[in-house]
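Worksheet for the structure shown next.
The model shown is predicted, which means the values in this text are computed figures rather than measured ones. Hydrogens, waters and symmetry mates play no part in the numbers below; they use all other heavy atoms, side chains included.
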Amino acid sequence: MFKPIQSTTVYGDADWVAYLLGRPEYPSSLYNIIRAHHAKHGNGKWNRIVDIGSGIGVALTGFAEDFEVLHVSDPSASNLHKACRFLTTWMQCHGAKATLEFSQSEGEFADQLVGYSSSDMVICAVAAHFMDPDGLVQSASNMLRPGGTLAIFTYMHPSFPNQSRAFTEAYLDSLMSSIISSSRDNSKASSVLWQAMSRMYCGGGGQDNVPLPAKLLTKRHRYHINASQGEMTCQGKALKYLPAGVDLPPVRISPSEKIIALESGEDAGGDGWTFEMNKKSLFDFIATVGKPIGEEDNEEVLASYATFGKIFDEECPSGFTLARWPCKIAIGTRK
């Protein structure tokens with residue numbers, strides 16, 4: 001089932017149970033934006049979709065009833081085996097009939113196994129920052145048939161509109177100290193991680209360094225959902241955690257691209273990105289990108305956990321807080 005090649009990944013054996021509990025669930029509005037773009041500008045075909053850097057394939061569930069074939073591409077054999085179980089179970093529960101395919105590859109070379117001009121849509125969900133942006137876009141474009149849709153999207157750190165500045169800073173301290181600690185024991189993983197973080201934080205945060213080349217794509221649109229809050233949180237606060245010597249890559253947004261700004265509570269395209277979370281779900285998310293809570297003996301990290309937990313309890317006596325997640329979508333149609 002899996003055709004392996006030699007590859008590495010930072011999150012090759014992630015705790016996906018904790019991730020699913022702590023991450024924002026992809027709202028229907030996200031899928032509607034991508035689906036509408038393909039319906040309006042695409043080739044009219046819904047045969048095959050490829051998810052690059054798929055993890056266990058969560059992002060594909062929103063397209064399971066649209067396409068005949070769902071192709072999962074990831075560098076990790078462990079992730080692919082988990083994706084097979086997860087998607088098979090999900091499809092059985094939801095009555096989806098699509099055929100599942102799998103290939104093991106780094107995203108920049110996924111086209112070599114997926115095949116050239118073989119797919120009608122390629123997505124990359126919350127993974128582009130771990131790949132060379134030019135290699136990713138070229139690989140994805142190679143897979144697409146003319147009129148196929150490329151959609152690269154990511155969410156960023158949430159803001160907390162009902163909480164204090166200290167609350168947000170304590171959350172980021174916990175998140176970033178956990179990430180830093182998790183990378184200390186592996187110099188290669190550390191290098192990859194900080195390169196990925198620098199890509200995530202350049203420009204207004206998200207994936208502003210991912211190009212949509214005019215020579216490959218037309219109808220190049222970028223959707224910035226809750227981006228004003230995302231820029232404040234991601235760019236203004238998280239940047240201070242990057243180690244010295246880690247340079248931010250250039251912003252790759254072309255003036256000829258169409259930018260659509262959407263806000264939760266104001267635009268239908270922004271629906272579903274603001275919702276209540278409890279303390280456990282926020283710590284579950286921290287655990288998926290850093291070290292699992294309770295398995296870290298670093299005093300600085302433990303102190304940051306304790307500080308955030310204390311502020312959460314003080315400011316959120318109900319046990320819940322409102323989290324507003326920024327999301328960016330880069331989308332285009334293959335020429």
Side-chain angles (χ1 to χ4, degrees), residues 16 19-42 46 49-67 70-72 83 86-87 90 94 96 98 119-129 136 140 148-159 200 204-208 210 212 217 219-231 233-234 257-277 281 285 288 322-333:
W16 292 102
Y19 176 73
L20 292 175
L21 292 173
R23 62 177 281 277
E25 182 177 354
Y26 297 125
S28 59
S29 60
L30 169 70
Y31 294 107
N32 289 341
I33 287 171
I34 300 170
R35 196 179 288 114
H37 182 100
H38 187 64
K40 182 177 181 180
H41 304 296
W46 301 82
I49 182 173
V50 180
D51 185 0
I52 299 178
S54 61
I56 60 170
V58 175
L60 282 173
T61 59
F63 295 111
E65 296 182 359
D66 297 306
F67 289 88
L70 310 180
H71 187 105
V72 181
F86 169 77
L87 287 172
W90 188 94
H94 292 80
S119 308
D120 300 303
M121 184 178 289
V122 175
I123 64 172
C124 182
V126 200
H129 51 296
L136 165 63
T149 296
L150 171 61
I152 302 172
F153 52 93
T154 191
Y155 53 78
M156 295 165 280
H157 308 317
S159 61
M200 175 66 83
Q207 50 193 29
D208 288 357
V210 175
L212 295 175
L217 303 165
K219 304 301 179 182
R220 297 170 298 145
H221 299 165
R222 294 185 189 253
Y223 291 84
H224 292 181
I225 302 169
N226 299 331
S228 59
Q229 289 291 332
E231 183 170 353
T233 300
C234 187
E257 296 167 9
K258 183 178 182 179
I259 296 179
I260 301 100
L262 302 170
E263 298 290 330
S264 292
E266 298 178 13
D267 306 290
D271 287 350
W273 289 106
T274 300
F275 50 89
E276 286 190 330
M277 299 184 72
S281 62
F285 181 75
T288 65
L322 194 66
R324 175 183 163 102
W325 294 80
C327 173
K328 289 191 174 180
I329 309 167
I331 191 167
T333 301

Checklist outcome for this item: When H41, K40, K258 are each screened for side-chain contact (heavy atoms from CB on, under 4.5 Å) with K219, the one that passes is H41
Checklist entry - What pair of heavy atoms forms the shortest contact from L136 to C124, and how long is it? => result CD2-SG, 4.2 Å
Next on the checklist: Evaluate D120 against W46 for side-chain contact (heavy atoms from CB on, under 4.5 Å), listing each step before the verdict.
Outcome noted: CA-CA 6 Å; D120 300 303; W46 301 82; 5.9 Å; no
Next on the checklist: Can you tell me how far apart CZ (R324) and CG (L322) are? Round to the nearest 0.5 Å.
Outcome noted: 9.0 Å
Item to check | Nearest-0.5 Å distance that lies between atom CZ in R222 and atom CD1 in I331 | outcome: 11.5 Å
Item to check | Aromatic ring proximity, centroids under 6.0 angstrom, F285 and W325 | outcome: yes
Checklist entry - Thinking salt bridges, do D208 and K328 make one under a 4.0 Å N-O criterion? => result yes
Item to check | Side-chain donor/acceptor of Q207 to backbone N/O of I152, under 3.5 Å | outcome: yes
Checklist entry - Parallel, tilted or perpendicular for W273 and Y26, by the 30°/60° rule? => result perpendicular
Checklist entry - Would you call the rings of F67 and F63 parallel, tilted or perpendicular if under 30° counts as parallel and over 60° as perpendicular? => result perpendicular
Item to check | Check against side-chain contact (heavy atoms from CB on, under 4.5 Å), R35 and M121 | outcome: CA-CA 10 Å; R35 196 179 288 114; M121 184 178 289; over 6 Å; no
Checklist entry - When rounded to the nearest 0.5 angstrom, what distance separates CG in L70 from CG in L60? => result 5.5 Å
Next on the checklist: A side-chain contact here means heavy atoms from C-beta on lying under 4.5 Å apart; do E263 and N226 qualify?
Outcome noted: yes
Checklist entry - When you look at T61 and F86, which way does the side-chain contact (heavy atoms from CB on, under 4.5 Å) test go after all the steps? => result CA-CA 10 Å; T61 59; F86 169 77; 3.9 Å; yes
Next on the checklist: Test your reading of the model: is there a side-chain donor-acceptor pair from S29 to the backbone of D271, 3.5 Å cut-off?
Outcome noted: yes
Item to check | Rounded distance [0.5 Å steps], NE2 in H224 versus CD1 in I259 | outcome: 5.0 Å
Next on the checklist: Is it the case that the side chains of T333 and H37 hold a donor-acceptor pair, with the cut-off being a distance below 3.5 Å and no angle test?
Outcome noted: yes
Next on the checklist: Within the structure provided, determine whether L262 and I33 are in side-chain contact (heavy-atom separation under 4.5 Å).
Outcome noted: yes
Next on the checklist: I need the minimum non-hydrogen distance between S54 and V72, along with the two atoms involved.
Outcome noted: OG-CG1, 2.7 Å
Checklist entry - Say you draw a straight line from CD1 of I123 to OG1 of T149; how long is it, rounded to the nearest 0.5 Å? => result 11.5 Å
Item to check | Pair I329-I225, side-chain contact (heavy atoms from CB on, under 4.5 Å): steps then yes or no | outcome: CA-CA 8 Å; I329 309 167; I225 302 169; 4.2 Å; yes
